[in-house]
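Working notes, structure below.
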2 protein chains.
Amino acid sequence: MLTNEPISNLRTHLGYWLRVVSNAISQNFARKVSAEGVTVAEWVFLRMLFDAESIAPSQLAENMGMTRGAISKLSDRLFEKSLIEREENPDDKRAHTLALTNAGRALVPRLARLADENDAEFFDKLPHEERLRLERILKSIVSQRDLKNIPIG
Amino acid sequence: MLTNEPISNLRTHLGYWLRVVSNAISQNFARKVSAEGVTVAEWVFLRMLFDAESIAPSQLAENMGMTRGAISKLSDRLFEKSLIEREENPDDKRAHTLALTNAGRALVPRLARLADENDAEFFDKLPHEERLRLERILKSIVSQRDLKNIPIG
DNA sequence: TCATTATAGTTTCCAAGTAAACTATAATGA
DNA sequence: TCATTATAGTTTACTTGGAAACTATAATGA
């Protein structure tokens with residue numbers, strides 16, 4: 001050996017434990033929303049449209065931390081499921097706007113319940129104080145590293 | 001509205017913040033290890049082989065929380081890169097054993113350094129006490145939910 | 001023994017993302 | 001004005017994973 005430094009174990013990294021928990025939460029949530037016929041990325045997409053009323057695909061790409069190509073394909077799928085509408089902007093024929101259909105708008109509250117349930121399954125058994133600490137620590141990392149988006153994958 | 005319950009915002013869920021941080025850490029690490037020509041899944045694979053000396057693909061699938069199919073394909077890639085060897089078990093022609101090549105064994109310490117660096121980038125600025133709290137909270141969720149594996153995706 | 005069942009690993013088909021090329025339209029500025 | 005450049009969205013080629021079918025071999029038990 002040219003160095004005395006030990007080869008660190010996977011479990012020595014906080015990032016490892018974060019990934020284990022985060023992926024378990026996401027997979028559990030994916031299972032729940034699949035019962036409503038959507039994916040986690042589709043949930044995020046629909047939830048953002050719910051607030052935005054209408055939004056450009058490129059803006060959504062920015063907000064979701066995904067490429068425009070990915071948003072384009074996500075839109076195709078949600079359109080096929082009749083959950084969103086797409087309109088060409090009359091002032092700028094390059095631009096589109098996306099909006100929820102009535103079906104899409106009706107689905108969001110059900111998905112939001114599933115998200116609440118999912119979070120509760122993982123965190124409700126923590127003492128309230130611990131939940132606050134966890135939230136504070138995570139948000140401090142987000143602001144320290146200036147993390148803006150929701151990278152899905 | 002049929003219900004008075006508000007539609008919860010994405011940012012109200014702890015799972016959301018966990019995913020933001022976890023994905024940022026993984027993406028940052030992916031960028032680092034790509035300079036060494038490997039992916040995050042390949043790092044985990046190599047690190048496990050480093051300890052195990054030799055291991056069966058199905059055992060590795062179990063340990064990594066991936067399917068045998070995925071391990072089969074991961075093995076192909078690592079074999080192509082001359083980082084692992086595959087041998088047929090003479091006692092049971094169905095079974096294989098995997099082991100690191102010298103090149104693979106030489107790579108692991110460099111990747112372990114990158115993992116250390118990556119963790120430090122995200123967590124070194126936290127007070128020591130906070131790091132311990134975060135670790136304790138995450139591990140308590142792991143044990144409470146009996147999370148066993150490293151789901152990569 | 002040998003038909004049946006189980007196990008190990010591989011392969012095929014599919015899903016959903018990225019990067020980068022591509023198309024259409026708009027904005028800019030010499 | 002109109003050639004050049006920028007922007008919006010789509011498409012293509014590729015990556016990497018899962019699910020399930022498939023192949024080869026081993027174990028079981030009537």
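Bear in mind that the values here come from a model prediction, so they are computed numbers and not experimental data. Below, read A as the first sequence line, B as the second, and so on, with proteins coming before strands; counting in each chain starts at 1. Any value given below was found using the heavy atoms of this structure, including those in side chains, with hydrogens, waters and symmetry copies removed.
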Between the protein and nucleotides 1-7 of chain C, list every N/O to N/O distance that falls short of 3.5 Å.
from	atom 1	to	atom 2	distance (Å)
dT7(C)	O2	Arg94(B)	NH1	2.8

Please state how far atom CG in Asp91(A) lies from atom C1' in dA27(C), giving the value in whole angstrom units. 15 Å

Between Arg47(B) and Glu42(B), does any side-chain N to carboxylate O distance fall below 4.0 Å? no

Answer yes or no: is there an ion pair linking Glu130(A) with Arg133(B), defined by an N-O contact shorter than 4.0 Å? no

What would the secondary structure line of DNA chain D be in dot-bracket form, counting Watson-Crick and G-U wobble pairs under 3.5 Å, with [ ] for pairs that cross earlier ones and | for pairs with another strand? ||||||||||||||||||||||||||||||

Tell me, please, which residues at least two apart from Thr12(B) pass side-chain contact (heavy atoms from CB on, under 4.5 Å). Ser8(B), Asn9(B)

Between CZ of Arg31(A) and C1' of dG18(D) the distance, given in whole Å, is 16 Å

Can you name the residues that form a salt bridge (charged side-chain N to carboxylate O under 4.0 Å, His left out) with Glu117(A), not counting sequence neighbours? Lys32(A)

Nearest to the side chain of Thr67(B), which nucleotide is it out of dG17(D), dA8(C), dA19(D)? dA19(D)

May I ask you to check whether over 12 heavy atoms, not counting those of Asp124(B), lie within 6.0 Å of atom CG? yes

For DNA chain D, what residues of residues 71-88 of chain B have any heavy atom nearer than 4.0 Å? Lys73(B), Arg77(B)

How many Å lie between CD on Glu62(B) and P on dA8(C), as a whole number? 11 Å

From the list dA26(D), dG17(C), dA19(C), which nucleotide is the closest neighbour of the side chain of Asp92(B)? dA26(D)

Spacing between Asn23(B) atom CG and dT18(C) atom C1', to the nearest angstrom: 15 Å

The criterion is side-chain contact (heavy atoms from CB on, under 4.5 Å); which residues satisfy it with Ala103(B), sequence neighbours excluded? Leu83(B), Thr101(B)

Please determine if Glu135(B) and Arg131(B) form a salt bridge, counting it only when a charged side-chain N lies under 4.0 Å from a carboxylate O. no

Could you give the CD-to-C1' distance, from Gln27(B) to dT16(D), as a whole number of Å? 15 Å

Output the rounded distance in Å from CE (Met64(A)) to C1' (dT18(C)). 15 Å

One thing to verify: whether Arg110(A) and Glu36(A) come together as a salt bridge, which I'm taking to mean a side-chain N less than 4.0 angstrom from a carboxylate O. yes

Under the salt bridge (charged side-chain N to carboxylate O under 4.0 Å, His left out) rule, what do Asp76(B) and Arg86(B) come out as? Steps first, then yes or no, please. CA-CA 10 Å; Asp76(B) 288 345; Arg86(B) 285 194 274 205; 2.9 Å; yes

Minimum side-chain heavy-atom gap Leu98(A)-Ser54(A) below 4.5 Å: no

What is the distance from CG of Leu60(B) to P of dT10(C), rounded to the nearest Å? 12 Å

Do the side chains of Glu121(B) and Arg145(A) get close enough for a salt bridge, i.e. N-O under 4.0 angstrom? yes

Whole angstrom value for the distance that separates C1' of dA16(C) from CZ of Phe45(A): 14 Å

Comparing Lys93(A) and Ala70(A) on DNA chain C - which has the more 5′ nearest nucleotide: Ala70(A)

Decide whether Asn28(A) and Arg31(A) meet the rule of one side-chain donor and one side-chain acceptor closer than 3.5 Å. yes

Select one nucleotide: of dG9(D), dT16(D), dG17(C), the one nearest the side-chain heavy atoms of Ala95(A). dG9(D)

